[in-house]
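Report on the following structure.
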Amino acid sequence: MIGYGEKHQNKIQNWFVKILAFWPLGWLFVLTLIAFTFSWWPQATDGTFIQPEIAYLPPFQEKKYFFGTDQLGRNLLFYLLQACQTAWLLTFPPLILSTSAGMIMGFSAGYYGNSGLRVSRWTHVVSALILAGSLIFYPVYYWRVSVYFVPAGFESGFKIVLYVVFWVLVFFGLRFIGRKISTKKVSLPLDFWLAKAVETWSTLPKLLLLLLLSALTSPNLFVLMGWIAVSFWVLPARLTQSKVRELKSKPFLEAAVAMGLPTRTILVKYILPSLKGPLLINFCFAASGLLGIGASLAYLGIGLPPEDPSWGKMLANARFSVTAWWLLLFPSLFLLLSIFSLQTLGHKLSLKRR
């Protein structure tokens, strides 16, 4: 028989294992709660308030500056929390958007294949020309071609005229093409298009791709969020496509299609429950990698404007004083704990699926 002491020891061990199992979620929840609620604190502006007279104040010496100050005399604790807001905004909203977009593209390619979706030839031509027009107009707008043709001060008006002329030409071009073609339906090779897009997009590393995209625009937090969303759709699309291909051969899905159930019902009731696990695992691992990429971009001074706080900027500023060890320790600790928490959550989710 097990004695009372041994029972008590086993209970303590079980509680300790449970605490270890939930600490990553606890760290992320507490850090998120504090970072996004401290904006209403009276001292919230201390993180960006410059006080050169107290620069490089060591931590644990004054209650108000418990984590010390940086090279500009800013309160390091509040700056860390403000940087956490930036890190979270660069990670979770873009990743939710890219995961949703990847899931839609992967489902369409896996469910319809190369011949399952048929549209009129007119629709096919319109979609292709609108896409081509967008790709042509984008570099014209952002590379400021008008600077070379128009006197200074007239660039904005020229861009508006260029935009109107472009879409007028597109409209009349589509009307001309529409008269020349028939309304016969054609198949959209969604599977082929997605395979080529994934193959092309996967050749560039994520960090290099974001560096190239950020070079096209001025530093802006929301623009960088958009570039991140554009860069991280590949793996969710591939996961969804492979899972839908696997499920299409299952008898229950074939029966649902034979009964004439709407595509939306099939997606929500039969496919999404099977996709939830793989997409959540991918989300955790992608978020952990994205935290590191966001810090790397900020460390290099790319993508974010100077006034936006970031853990990467704090690590870059730590180079200016070797003796100010707290400028390196605290942002590194916050960043590593957040990355390790997301990695641990992803690992636990993957173990549950085995």
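Numbering starts at 1 and runs along the sequence shown. This is a predicted model, so every value here is computed, not measured.
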[X] to [Y] - nearest heavy-atom pair and separation:
{"X": "A109", "Y": "L194", "answer": "CB-CD2, 3.4 Å"}
{"X": "F107", "Y": "T240", "answer": "N-CG2, 3.5 Å"}
{"X": "A83", "Y": "W311", "answer": "CB-CD1, 3.3 Å"}
{"X": "P219", "Y": "P305", "answer": "CB-N, 3.7 Å"}
{"X": "V230", "Y": "W233", "answer": "O-CD1, 2.6 Å"}
{"X": "Q71", "Y": "A55", "answer": "O-CB, 3.3 Å"}

Counting N and O atoms only, with roles assigned by atom type, does the side chain of [X] sit under 3.5 Å from a partner on the main chain of [Y], one being a donor and the other an acceptor?
{"X": "S214", "Y": "L211", "value": "no"}
{"X": "T69", "Y": "I54", "value": "yes"}
{"X": "Q85", "Y": "A35", "value": "yes"}

Q) Should we count CZ of F222 as having more than 12 external heavy atoms under 6.0 Å? A) no
Q. Does any non-hydrogen side-chain atom of L275 lie less than 4.5 Å from one of L239?
A. no
**Q.** Side-chain heavy-atom pair L342, P24 within 4.5 angstrom cut-off
**A.** no
Q) Under 6.0 Å between the ring centres of W88 and F92? A) yes
[X] [atom1] to [Y] [atom2] distance, which is reported to the nearest 0.5 Å:
{"X": "T99", "Y": "L235", "atom1": "OG1", "atom2": "CG", "result": "9.0 Å"}
{"X": "L221", "Y": "L304", "atom1": "CG", "atom2": "CG", "result": "6.0 Å"}
{"X": "L90", "Y": "M225", "atom1": "CG", "atom2": "CE", "result": "7.0 Å"}
{"X": "Y299", "Y": "S310", "atom1": "OH", "atom2": "OG", "result": "12.5 Å"}
{"X": "K64", "Y": "L57", "atom1": "NZ", "atom2": "CG", "result": "11.5 Å"}
{"X": "Q82", "Y": "L77", "atom1": "CD", "atom2": "CG", "result": "10.0 Å"}

Q | Audit row: Q51, N75, side chain to side chain donor-acceptor pair (under 3.5 Å) steps and yes/no | A | CA-CA 9 Å; Q51 304 176 84; N75 191 327; over 6 Å; no
Q: For F340, check ring pair (Phe, Tyr, Trp, His ring centres under 6.0 Å) against everything at least two apart and list the hits.
A: W23
Using a 3.5 Å cut-off and no angle test, enumerate the donor-acceptor pairs between side-chain atoms of residues 314-324 and protein atoms at least two apart in sequence or in another chain.
from	atom 1	to	atom 2	distance (Å)
N317	ND2	K313	O	3.2
R319	NE	A316	O	2.8
S321	OG	T323	OG1	3.3

Return all side-chain donor-acceptor pairs below 3.5 angstrom for residues 277-295, not counting sequence neighbours, or 'none' if the list is empty.
from	atom 1	to	atom 2	distance (Å)
S288	OG	F285	O	2.7
S288	OG	Q343	NE2	3.0

Q: Determine the interplanar angle of the W325 and F60 rings, folded into 0 to 90°, and report it as parallel if under 30°, tilted if 30 to 60°, perpendicular if over 60°.
A: tilted
